[in-house]
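Order of the sequence lines sets the chain letters (A, B, ...), proteins ahead of strands, with each chain counted from 1.
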Amino acid sequence: MAKQEQQFWLMKSEPDEASIDTLQAAGTLPWTGVRNYQARNFMRDTMRPGDGVLFYHSSCPEPGIAGLAEVCSGPYPDPTQFDPDSPYFDPKSPRDTPRWTLVDVRFIRKTPLISLADLRAHPGLEEMIVLRRGNRLSITPVTPAEWRIITRELMPRA
DNA sequence: GCCAACGTTGGC
DNA sequence: GCCAACGTTGGC
């Protein structure tokens, strides 16, 4: 069987809810709460264990990449869609054909914050989806070239 | 708090 | 299937 190529992603999280420190403390976290079909489809159809993840802090005083993680499970139903006490409860999601799917993410390491300004200023990152005007997608693919630039040139040590 | 961008909903 | 209204995201 041919070895699958590693893929790369940027995943946004609001640090008030789950920061890189939350992930570090937990070790792994289920990526709950995604309620956007495009982002769900990435988790359900495309992500694989071992894929690299740029952990991004959004909607906070210092938005930017705060650490590295990796996908560590296959897709499975997001349990919060069935929990009436959860803010992510979706009463329209059928039990037998759950609407929302997630993957687990494992902590690798924290990094000094790479701000949006840092990303915008760095050659080779101009096309990153997260930098596009009006972008709201919480999970976006990162190209191997972008991953290499970010992890090798913007993250000191290793 | 503002507001641009964009996804979703629902009437028709 | 169109599209206006509405809600949410997320940087600033």
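Residues A:Met47 and A:Tyr37 do not share a hydrophobic cluster, defined by chaining ILVMFWY side chains whose heavy atoms lie under 4.5 Å apart.
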Distance-only donor-acceptor pairs under 3.5 Å for side chains of residues 52-70 of chain A, two or more places apart:
from, atom 1, to, atom 2, distance (Å)
A:His57, NE2, A:Ile20, N, 3.0
A:Glu70, OE2, A:Arg106, NH1, 2.8

Show me the donor-acceptor pairs within less than 3.5 Å that the side chains of residues 90-98 of chain A make with the rest of the protein, sequence neighbours left out.
from, atom 1, to, atom 2, distance (Å)
A:Asp90, OD1, A:Lys92, N, 2.9
A:Asp90, OD2, A:Arg99, NH1, 3.4
A:Asp90, OD2, A:Trp100, NE1, 2.8
A:Ser93, OG, A:Gln81, OE1, 2.7
A:Ser93, OG, A:Arg99, N, 2.9

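You can see that DNA chain C meets the heavy atoms of chain A within a 4.0 Å-exclusive cut from C:dG7 to C:dC12, reading 5' to 3'.
For the atom pair CG of A:Asp21 and CZ of A:Phe107, the computed distance is 8.0 Å after rounding to the nearest 0.5 Å. Atom CE of residue A:Met43 and atom CD of residue A:Gln38 lie 12.0 Å apart, to the nearest 0.5 angstrom. Atom OG1 in A:Thr28 sits 5.5 Å away from atom CG in A:Asp104 (nearest 0.5 Å).
For the residue pair A:Trp9 and A:Asp51, a side-chain donor N or O sits within less than 3.5 Å of a side-chain acceptor on the partner.
For residues 96-105 of chain A, proximity to DNA chain C is found at no residue, defined as any non-hydrogen atom under 4.0 angstrom from a strand atom. Listed by residue number, the members of residues 60-67 of chain A with any heavy atom below 4.0 angstrom from DNA chain B form an empty set.
Side-chain atoms of A:Thr80 do not come within 3.5 Å of backbone N or O of A:Tyr88 as any donor-acceptor pair. Side-chain N or O atoms of A:Gln24 include none that pairs as donor or acceptor with a backbone N or O of A:Thr22 at under 3.5 Å. Using modelled atom types, one side-chain atom of A:Gln6 and one backbone atom of A:Gly50 make a donor-acceptor pair closer than 3.5 Å. Listed for the A:Glu17 side chain is no donor-acceptor partner under 3.5 Å among the backbone atoms of A:Glu14.
Using a 4.0 Å cut-off between charged nitrogen and carboxylate oxygen, A:Asp78 and A:Arg40 do not count as a salt-bridge pair.
Within 4.0 Å of A:Arg132, counting heavy atoms only, lies no atom of the nucleic acid at all.
Each end of the helix from B:dG1-C:dC12 to B:dC12-C:dG1 gets its own rotation axis from five pairs of C1' atoms, and the angle between them is 10° to the nearest 10 degrees.
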